[in-house]
Amino acid sequence: APAHPLWPEIERVTLEQLQYARLGVEGGVWQLFAEDGEMKMYKREEEVDGLAVDPLKAVHTVKGVTGREMTHYFFSPDVRFEWETTLEQMKVLETIADDTLVILQIHKRVWPASQRDALFWSHVRRVPNDTDRDAQDIWIACNHSTEHHEAPSNEGKMVRVSLTVCLVCQTSIEPPSDGGPVTRDHLTCKITYCSVVNPGGWVPTSALRAVYKREYPKFLKRFTQYVKDRCDKQPILF
Ligand SMILES: CCCCCc1ccc(-c2ccc(S(=O)(=O)CCO)cc2)cc1/C=C\c1ccccn1
C-alpha cells in the first residue's frame, strides 16, 4: 500500500463505510423518504450543534452495468460535471494513486444558504467477496473530508461542509440458459449509497431538509442513468 500519510485513514474509513453500507435499513431507525422504481431512499433525522446532519442511505438496483463500471464513473473526476448538477468548480489537488485523489469541489449556492465547498479524499477499490465464492467482487467508492495544504482557506467567502460518502456495488450475473455469452442483459448491479453531510455552518433545518429531499433522489437517478448510457453497447468491465 502506498506510503502516504492519509493512507491509514483511507484504509480504515473505506472499510468502515463498507460495513456500514452492508447493514440493512431494518430496525425502524431509517425513515423511507423517497421511492422511484427500484430506488429507495432512507434518512435518519439527527442534529449536531443544532445543525441537521441527516444520515442518508439509498438502495437501488440497476440493470446492465457492473459495480466496477458504476464506481469507476462515480470516482472519475473527468466526467463529474456530466452528472453532478450542483457542482460549480472542481480541482484535483493531489493524485495519491490512480485510485486515490484529493479533490476540492465548490457547489452552487443553494438558497437560502451561503455557498459551500467540500474538500475530500476519494478512493475506489475492489473487495473480494469473502462470503459467497461464486458471487462477483464488491466495489466501493468512498469520499471523506480531509485537510490539505493546497486548499484555499477562503476566509469568510465559503462555508466548508464535512462529508463521508460511499457507493457500494454488488454485481450479479444471471447466465443465459442457452449457454450463450453473458451480455449486459444478464447483469444486475445492487447499489447502496450512503452519505453524511455536515453543512458546516448554520442553515435553517427545514430548508436543509428540503434541499436534501429534492436533490438526493435527483442526484442518484441522474448518476445511475448516466452510467447506463455510458456503458450501453460498450464491452463489459467486470
Ligand atoms: C444548504 C446546504 C448546501 C449543501 C451544498 C452541498 C454540499 C455537498 C454536496 C455533495 C453531494 C454529494 C457529494 S458525492 O456523493 O461525494 C459526489 C461528488 O460530488 C459530494 C458533495 C452537495 C451540496 C448541494 C446539493 C446537494 C445536496 C444533496 C445531494 C445532492 N446535491
Side-chain angles (χ1 to χ4, degrees), residues 10 13-14 17 20-21 33-34 36 39 41-60 70-93 99-124 139-146 151 154 157-169 191-227:
I10 293 169
V13 172
T14 300
Q17 284 296 301
Y20 174 70
F33 78 89
D36 183 310
M39 182 179 75
M41 212 153 247
Y42 302 83
K43 69 169 178 175
R44 294 208 318 259
E45 295 201 346
E46 288 178 5
E47 303 202 0
V48 172
D49 305 332
L51 273 182
V53 183
D54 298 350
L56 179 126
K57 186 177 271 197
V59 291
H60 196 8
M70 195 60 83
T71 50
H72 166 76
Y73 286 110
F74 184 79
F75 170 81
S76 169
D78 306 348
V79 301
R80 188 152 300 160
F81 282 104
E82 292 178 41
W83 55 268
E84 180 63 289
T85 55
T86 66
L87 211 46
E88 190 169 277
Q89 288 178 50
M90 177 189 65
K91 189 165 188 282
V92 176
L93 297 184
D99 61 7
T100 309
L101 307 169
V102 177
I103 291 179
L104 175 68
Q105 295 193 161
I106 298 179
H107 286 261
K108 291 170 185 160
R109 185 169 181 276
V110 179
W111 185 88
S114 50
Q115 190 160 32
R116 273 149 167 88
D117 68 7
L119 172 62
F120 54 88
W121 51 257
S122 189
H123 176 58
V124 61
W139 281 84
I140 177 169
C142 185
N143 295 339
H144 179 76
S145 290
T146 188
N154 65 38
K157 275 203 315 290
M158 206 82 65
V159 175
R160 182 146 301 158
V161 304
S162 68
L163 58 84
T164 302
V165 164
C166 73
L167 182 72
V168 175
C169 299
I191 73 175
T192 303
Y193 172 83
C194 302
S195 95
V196 180
V197 178
N198 183 318
W202 168 248
V203 184
T205 299
S206 54
L208 191 62
R209 286 182 172 149
V211 167
Y212 289 170
K213 190 173 173 68
R214 187 183 69 235
E215 294 295 336
Y216 271 117
K218 201 165 69 172
F219 153 84
L220 200 60
K221 239 172 97 84
R222 182 179 165 93
F223 168 69
T224 51
Q225 188 55 51
Y226 170 77
V227 177

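Heavy atoms only: backbone and side chains are in, while hydrogens, waters and symmetry mates are out. The model shown is predicted, which means the values in this text are computed figures rather than measured ones. Residue indices begin at 1 and follow the sequence shown. Both ligands and their constituent atoms are indexed starting at 1 by order of listing.
Listed by number with element, the atoms of ligand 1 under 4.0 Å from a non-hydrogen atom of L163 are 20 (C), 21 (C). The contact set between ligand 1 and F219, taken as ligand atoms under 4.0 Å from a residue heavy atom, comprises 15 (O). Atoms of ligand 1 found under 4.0 Å from any heavy atom of Q105 (numbered from 1 in listed order, with element): 18 (C), 19 (O). Atoms of ligand 1 lying under 4.0 Å from any heavy atom of A113, numbered from 1 in the order shown and given with element: 1 (C).
A cation-pi contact links K57 to Y20, judged by a cut-off of 6.0 Å to the six-membered ring centre and 45° from its axis.
Nearest non-hydrogen protein atom to atom 17 (C) of ligand 1 is E84 OE2, 3.4 Å. The nearest heavy-atom contact from the protein to atom 2 (C) of ligand 1 is L208 CD1, 3.5 Å. Atom 25 (C) of ligand 1 has as its closest protein heavy atom T86 CG2, 3.7 Å. Of all protein heavy atoms, the one lying nearest to atom 16 (O) of ligand 1 is N143 ND2, 2.8 Å. Considering only non-hydrogen protein atoms, atom 30 (C) of ligand 1 sits nearest to E215 CB, 3.6 Å.
Using a 30° and 60° split on the angle between ring planes, F219 and F74 fall in the perpendicular class, above 60°.
Screening V102, L101, L104 for a side chain to side chain contact (heavy atoms under 4.5 Å, CB included) involving V92 leaves a single residue, L101.
For the residues Q115, H107, R80, the heavy atom positioned nearest atom 6 (C) of ligand 1 is part of H107.
The shortest N/O to N/O separation between R116 and ligand 1 does not fall below 3.5 Å. At a 3.5 angstrom cut-off on N or O pairs, Y193 counts as close to ligand 1. In terms of polar-atom proximity, defined here as any N/O pair under 3.5 Å, Y212 makes no such contact with ligand 1.
In terms of the side chain to side chain donor-acceptor pair (under 3.5 Å) criterion, residue partners of W121 (sequence neighbours excluded) are, by chain and number, E9.
At a heavy-atom distance under 4.0 Å, no atom of F120 approaches ligand 1.
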Can H123 and T14 be said to form a side-chain hydrogen bond (donor to acceptor under 3.5 Å, both in side chains), step by step? CA-CA 8 Å; H123 176 58; T14 300; 4.6 Å; no
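Counting only N and O atoms by type, the side chains of N143 and S122 include a donor and acceptor under 3.5 Å apart.
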